[in-house]
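Working notes for the structure below.
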Amino acid sequence: RLRRFVERPAATADGRRIEVAANISTADEAEAALRAGAEGIGLFRTEMLFVDRGEPPSEDEQFEQYRRVLGEAGDRPVIIRTLDVGGDKPIRYLHLPREDNPFLGYRAVRFYPEFEAIFRTQIAALVRASAFGRLKVMIPMVSQADEVRWIRQVIAEEQARCAQAGIAFDTSMQVGVMVEVPSLAFLLDHLCRELDFFSIGTNDLLQYFSAVDRANPKVAPLYDPMNPAFLRFLKKIVDEVHAEHRWVGLCGEMGGQPNSLPLLVGLGLDEISVASPVIAATKAELASLSASACADLLDEALTCST
Ligand code: PEP
Ligand code: MG
C-alpha cells in the first residue's frame, strides 16, 4: 500500500506541497533513503565520520563521502550538518574536559573556534563537494548572531581559497542553521538577513525549551512536543521565518510521529525530514490530510492549556 507513495511528490489531499526528506548518519544510508521516496536529504549528521577513531577524517575523505551523497541525490537538495559533538557525543582525540551539564556545555558550534582546523577542514570539503549537487550547509546549536557571522566568514575564506586554486564550487551554496536553542528563535528577524534557511531540531529545542533532559526517563512525561506552549513556540518560529521569505524545515523526531503530522502541516512548514523507514508512511498520511483542516486544528490546539 505504501509503495505507491514512494515516487509521488509529498502533498496533502488539497494540494499543499511539503517536501518529505530523510535524516541520515552515513553516506551509505543515502541510497536507501532516496529509494524509500526521500525528496532530498534534510539532515546528514556528520558525527559518525568523526567518532570511533584516533584522529579526525581528512578533507579528501570527507569530500568523497559528501560527493557520494550528492551524487545519489542528483538534483534533490542535500542538507549536510557540520560536526555536532561534545555534549553526549564525546570524541576521544579532542580531549574535552568532563562536564557536569554536557547538554548545556561545550558542544557543536561552541567548540569550532578552539578546534578551528577541524572545522575549516570540514568546510573546505563541503565547499569542494558543493560543485556536485544542491548542497546546503547547516550549523548546529547556534544561539547568537556572532556565531553566524564567524561561520560565514570561515566559509567565505574557504571559498576564496578554492577560487584562487581554480577548484570548482557552488558560489550560491546555501547556509542555514538548526533552530534548537530557544534564544535563536528570538533573533530570527536579524538572522533571516544573514542566512538562507532554518531547520527546527525539535529534539534539542524541546529539551532546552522545557528544561527537560531528552535522555532522562524520569522526566520523560514532561518531554512533550504536544505541550501547547511548544506548539505556540513552533508557530512563532515558522511565521517569523516565512515573514522574511526564508525556508524552514523540521528535522527532529517529532516529524516522524504520525499523531503530530496534522499539527506540523498546520504550521505550514516547507519540509519535514524523517528517518527513512517512515518516509512512505509520512507521504501516505499527508495525502490523507487537508491542509486547511490542519490549520484549523492547529488554531484550536493553540488555544488549549494542555
Ligand atoms: C535535534 O536536536 O532535533 C536534531 C535533529 O539533532 P540531534 O538529534 O542530532 O541533536
Ligand atoms: Mg540537536
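Only this structure's heavy atoms are used, side chains among them; waters, hydrogens and symmetry mates stay out. All values derive from a computational prediction rather than experimental measurement. Order of listing sets the numbers, starting from 1, for every ligand and every atom in it.
Proximity of Met173 to Gln159: side-chain heavy atoms (C-beta onward) are separated by under 4.5 Å at one or more points.
Under the 3.5 Å distance criterion, the side-chain polar atoms of Arg152 are matched with a main-chain donor or acceptor of Glu194.
Among the atoms of Asp204, an N, O or S atom is found under 2.8 Å from the Mg ion (ligand 2).
At the shortest separation from atom 7 (P) of ligand 1 among protein heavy atoms lies Arg45 NH2, 3.5 Å. Closest to atom 6 (O) of ligand 1 among all protein heavy atoms lies Arg81 NH1, 3.0 Å. In terms of protein heavy-atom proximity, atom 10 (O) of ligand 1 is closest to Asp204 OD2, 2.9 Å.
The contact set between ligand 1 and Gly252, taken as ligand atoms under 4.0 Å from a residue heavy atom, comprises 3 (O). Every atom of ligand 1 with a heavy atom of Thr202 under 4.0 Å away is listed here by number and element: 3 (O). Interface of Leu43 with ligand 1, defined as ligand atoms under 4.0 Å from a residue heavy atom, comprises 5 (C). Those atoms of ligand 1 that come under 4.0 Å of a heavy atom in Arg107, given as number and element, are 10 (O). Those atoms of ligand 1 that come under 4.0 Å of a heavy atom in Arg214, given as number and element, are 2 (O), 7 (P), 8 (O), 10 (O).
Below 3.5 Å of separation, one finds no N or O of Cys251 facing any N or O of ligand 1.
Seen from the ring of Phe230, Lys235 does not count as a face-on cation partner, given the 6.0 Å and 45° thresholds. For Arg8 and Phe5, the positive end sits near the middle of the six-membered ring, less than 6.0 Å away and at most 45° from its axis.
When non-hydrogen atoms are compared, ligand 1 lies under 4.0 Å from neither the backbone nor the side chain of Met141. With a heavy-atom cut-off of 4.0 Å, Met138 does not touch ligand 1 at all.
Side-chain contact, Thr82 with Tyr112: a donor N or O sits under 3.5 Å from an acceptor N or O. Checked by atom type, the side-chain pair Gln65/Glu61 shows no donor-acceptor distance below 3.5 Å.
For the ligand labelled ligand 1, residue Met178 lies inside the 4.0 Å heavy-atom shell.
Scanning both residues, Ser143 and Val181, for their nearest heavy atoms gives CB-CG1, 3.6 Å. Annotation for Phe50 and Tyr93: closest pair O-OH, 2.8 Å, computed over non-hydrogen atoms. Shortest non-hydrogen contact noted between Gln122 and Gln62 is CG-OE1, 3.3 Å.
For Glu180, the N/O/S atom at the shortest distance from the Mg ion (ligand 2) is named OE1.
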